[in-house]
Amino acid sequence: KKRIFSGVQPSGDLTLGNYIGAIKNWAKLQDDYECIYCIVDLHSITVRQTPADLRRRTLEVLMQYMAAGIDPEKSVIFIQSHVSAHAELAWVLGCNAQMGELSRMTQFKEKSKKHADNINAGLFTYPVLMAADILVYQADLVPVGHDQLQHVEIARDIANRFNHYYSDTFTIPEAYIPKVGQRIMSLQSPENKMSKSDPNPNGCIRLLDDKDTIIRKFKRAVTDSGSEIKSAADKPGVTNLLSIYSAVTNKTVEEAEKDFEGKGYGEFKLAVGEAVADTLAPVQAEFCRLQGDKEYVESVYKKGAEAASYIASKTLRKVYKKVGFIAK
Ligand code: TYM
């Protein structure tokens, strides 16, 4: 079986973008692949976090993975800081990554603009740690939204470089990006990505928003001039709503357009809101149930860390040997 690795940062409440672009697809892959899903807490401290919030959110993200259908009997679910090989491999890979290529990363450029008072070294080497996450498991595929494509590409570059210099060591991973919903945009400014840290709360749907909130946000969503409900470059608002609708109903965009032929924007926005609320309701119910079962949740991430460590330490041993470190 081919192996899959992916992760989410516990740096804020999960959004509909995280769900549609990533987590929803992870659940579908579990039967056909060997899947490893991580909560990347080491990455999240590249931006200042309040320790108590980070602790709470890490567990909440874990429970949202499970609530979204990631089954600990089928997939490995674990917390990044529990497996030390990530940080250890990141050091070695960092010595095989160039300042130049890291400074070209869009996420680094954007985040250093946004957090100008804290452009720390971790923010700069973020993609190296992400490469270590992926390569330490010899992952074949990395299911992510479009915004992570550049990071998967640099992981491939670093892996290829290492393989050429030291001989074949790493599997070269490939990004696995969904056809529909790879880039969910803000409901208020559809030219920007829907993000955990959107300053306008109406732009972003949270996985745990209740039905009324979801409907209200969709009713207020920005649409475009004209009245046709069609996916088109000059209709970013409508196009975004159509991709959200298609993703949650598992329809193609063409089918979605047919559903709304001749209808008005008001009716359309309400229908998208309802489809989203209906999709998220069972996820939220399961999340609440898991919140009452702390022991089970703990047993999942402990078992996950053990399974992940086993695989990761094998790669790390191999890497240490190749670079010339003496075995202990
Ligand atoms: P993060 O935490 O920002 O996002 C998690 C996943 O959600 C996707 N995503 C979106 N997809 C579509 N539309 C959106 N608006 C949207 N917003 C977020 C992201 O593409 C991602 O798949 N660097 C990663 C975390 C990471 C990782 C890894 C991922 C660390 N190591 C190894 C894969 C493999 C990140 O910040 O994702």
Side-chain angles (χ1 to χ4, degrees), residues 3-26 29 35-47 49 57-58 60-61 64-65 68 78-81 83 86-87 89-90 93 105-108 110-111 114 122-123 125-156 158-159 173-198 203-207 236 239-240 243-244 246-248 308 312:
R3 194 177 281 155
I4 281 197
F5 180 91
S6 200
V8 173
Q9 295 193 69
S11 53
D13 297 334
L14 294 190
T15 71
L16 187 61
N18 298 136
Y19 180 72
I20 293 177
I23 301 167
K24 172 177 179 279
N25 311 308
W26 298 359
L29 297 164
C35 298
I36 305 175
Y37 298 125
C38 181
I39 295 116
V40 293
D41 54 351
L42 298 175
H43 278 106
S44 71
I45 61 164
T46 54
V47 169
Q49 304 288 335
R57 268 204 231 99
T58 300
E60 283 178 1
V61 171
Q64 287 171 66
Y65 280 8
F78 76 105
I79 298 166
Q80 189 186 28
S81 61
V83 179
H86 293 239
L89 180 61
L93 297 181
M105 294 289 112
T106 7
Q107 183 172 297
F108 171 68
E110 277 168 11
K111 287 202 176 164
K114 207 166 138 204
L123 195 63
T125 57
Y126 181 114
V128 174
L129 179 58
M130 179 158 160
D133 296 342
I134 299 167
L135 301 180
V136 87
Y137 298 102
Q138 308 283 1
D140 299 283
L141 291 176
V142 185
V144 285
H146 182 267
D147 63 321
Q148 294 302 316
L149 188 56
Q150 201 183 26
H151 284 157
V152 178
E153 263 156 21
I154 198 173
R156 290 165 58 91
I158 295 172
E174 241 174 272
Y176 186 87
I177 294 185
K179 280 200 188 68
V180 178
Q182 54 173 262
R183 225 172 120 72
I184 300 298
M185 311 309 275
S186 158
L187 300 185
Q188 288 299 312
S189 48
E191 56 290 342
N192 298 320
K193 183 182 89 167
M194 182 181 284
S195 133
K196 294 176 191 123
S197 52
D198 193 331
C204 174
I205 302 287
R206 296 177 193 283
L207 221 60
T239 302
N240 187 39
S243 9
I244 293 174
S246 315
V248 298

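Whatever order the structure lists them in is the order used to number ligands and atoms, beginning at 1. For clarity, every value in this text was computed on a predicted model and none was experimentally measured.
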- What part of His43, side chain, backbone, both or neither, has a heavy atom within less than 4.0 angstrom of ligand 1? side chain
- Query: At a non-hydrogen distance cut-off of under 4.0 Å, which region of Asn18 contacts ligand 1 (side chain, backbone, both, or neither)?
  - Reply: both
- Message: Between ligand 1 and Ala155, can you find any atom pair, the residue atom being a heavy atom, that is separated by under 4.0 Å?
- Response: no
- To which protein heavy atom is atom 32 (C) of ligand 1 closest, and what is the distance rounded to 0.1 Å? Phe5 CE2, 3.5 Å
- Query: Of the choices Gln80, His151, Gln182, which has the non-hydrogen atom that lies closest to atom 12 (C) of ligand 1?
  - Reply: Gln182
- Determine yes or no for a side-chain-to-main-chain donor-acceptor pair under 3.5 angstrom, with Thr58 supplying the side chain and Pro10 the backbone. no
- Query: Do the side chain of Arg156 and the main chain of Pro173 share a donor and acceptor less than 3.5 angstrom apart?
  - Reply: yes
- Query: Considering only protein heavy atoms, which is closest to atom 37 (O) of ligand 1, and at what distance to one decimal place?
  - Reply: Gln148 NE2, 3.8 Å
- Message: Under 3.5 Å between any N/O of Met194 and any N/O of ligand 1: does that happen in this structure?
- Response: yes
- Does Lys196 have a heavy atom less than 4.0 Å from any atom of ligand 1? yes
- For Gly181, take its heavy atoms, then give the atoms of ligand 1 lying under 4.0 Å from any of them. 12 (C)
- Item | side-chain contact (heavy atoms from CB on, under 4.5 Å) between Val248 and Ile20, worked out | CA-CA 8 Å; Val248 298; Ile20 293 177; 4.1 Å; yes
- Ignoring hydrogens, just give me the one of Val144, Val142, Asp133 whose non-hydrogen atom is nearest atom 31 (N) of ligand 1. Asp133
- Query: Hey, which atoms in ligand 1 end up nearer than 4.0 Å to a heavy atom of Gln9?
  - Reply: 2 (O), 35 (C), 36 (O)
- Message: Could you check whether any side-chain N or O of Asn240 sits under 3.5 Å from a backbone N or O of Met185, counting only pairs where one atom can act as donor and the other as acceptor?
- Response: yes
- Task: Check ligand 1 against Ser6 and write out every atom of the ligand that is under 4.0 Å from a heavy-atom position of the residue.
- Result: 33 (C), 34 (C)
- Task: Among all protein heavy atoms, pick the one closest to atom 19 (C) of ligand 1 and tell me residue, atom and distance.
- Result: Asp147 OD1, 3.3 Å
- Task: Please identify which atoms of ligand 1 are closer than 4.0 Å to at least one heavy atom of Gly21.
- Result: 11 (N), 12 (C)
- Is a side-chain donor or acceptor of His86 paired with a backbone partner of Ala132 at a separation under 3.5 angstrom? no
- Task: Answer side chain, backbone, both or neither: which part of Ile184 comes under 4.0 Å from ligand 1, heavy atoms only.
- Result: both
- Item | Nearest protein heavy atom with distance in Å, relative to atom 23 (N) of ligand 1 | Tyr126 OH, 2.6 Å
- Item | Gln49 side chain vs Ser44 backbone, donor-acceptor pair below 3.5 Å | yes
- Are any of the N/O atoms in His146 less than 3.5 Å from those in ligand 1? no
- Please assess Tyr126 against His151 for the test side-chain contact (heavy atoms from CB on, under 4.5 Å), listing each intermediate value before the final yes or no. CA-CA 9 Å; Tyr126 181 114; His151 284 157; 3.9 Å; yes
- Would you mind telling me if ligand 1 is within reach of the side chain of Val8, the backbone, both or neither, using heavy atoms under 4.0 Å? both
- Item | Flag for Thr46-Lys111: side-chain donor and acceptor within less than 3.5 Å | no
- Query: Would you call the rings of Tyr65 and Trp26 parallel, tilted or perpendicular if under 30° counts as parallel and over 60° as perpendicular?
  - Reply: perpendicular
- If only atom types and distance count, is the side chain of Asn18 paired as donor or acceptor with the main-chain N or O of Thr15 below 3.5 Å? yes
- Task: Identify the protein heavy atom lying closest to atom 26 (C) of ligand 1, giving its residue, its atom name and the separation to 0.1 Å.
- Result: Met130 SD, 3.8 Å
- Message: Checking a contact table here: which protein heavy atom is nearest atom 25 (C) of ligand 1, and how many Å away?
- Response: Gly7 O, 3.7 Å
- Closest non-hydrogen atom pair between Val136 and Ala312, with its separation: CG2-O, 3.6 Å
- Task: Give the residue and atom name of whichever protein heavy atom lies nearest to atom 11 (N) of ligand 1, and the separation in Å to one decimal.
- Result: Gly17 O, 3.2 Å
- Task: Indicate, as side chain, backbone, both or neither, the part of Ile134 found under 4.0 angstrom from ligand 1 when only non-hydrogen atoms are considered.
- Result: side chain
- May I ask you to list the atoms of ligand 1 that are less than 4.0 angstrom from any heavy atom of Arg183? 12 (C), 13 (N)
- Note on the structure: When distances are taken from atom 6 (C) of ligand 1, the protein heavy atom at minimum range is Ala22 CB, 3.7 Å
- Message: Restricting to non-hydrogen atoms, name the atom on Leu93 and the atom on Ala131 that form the minimum distance, rounded to 0.1 Å.
- Response: CD1-C, 3.9 Å
- Message: Under 3.5 Å, is there a donor on one side chain and an acceptor on the other for Asp41 and Ser81?
- Response: yes
- Message: Within the 3.5 Å criterion, strictly below it, is a donor on Asp133 or Gln80 matched to an acceptor on the partner's side chain?
- Response: yes
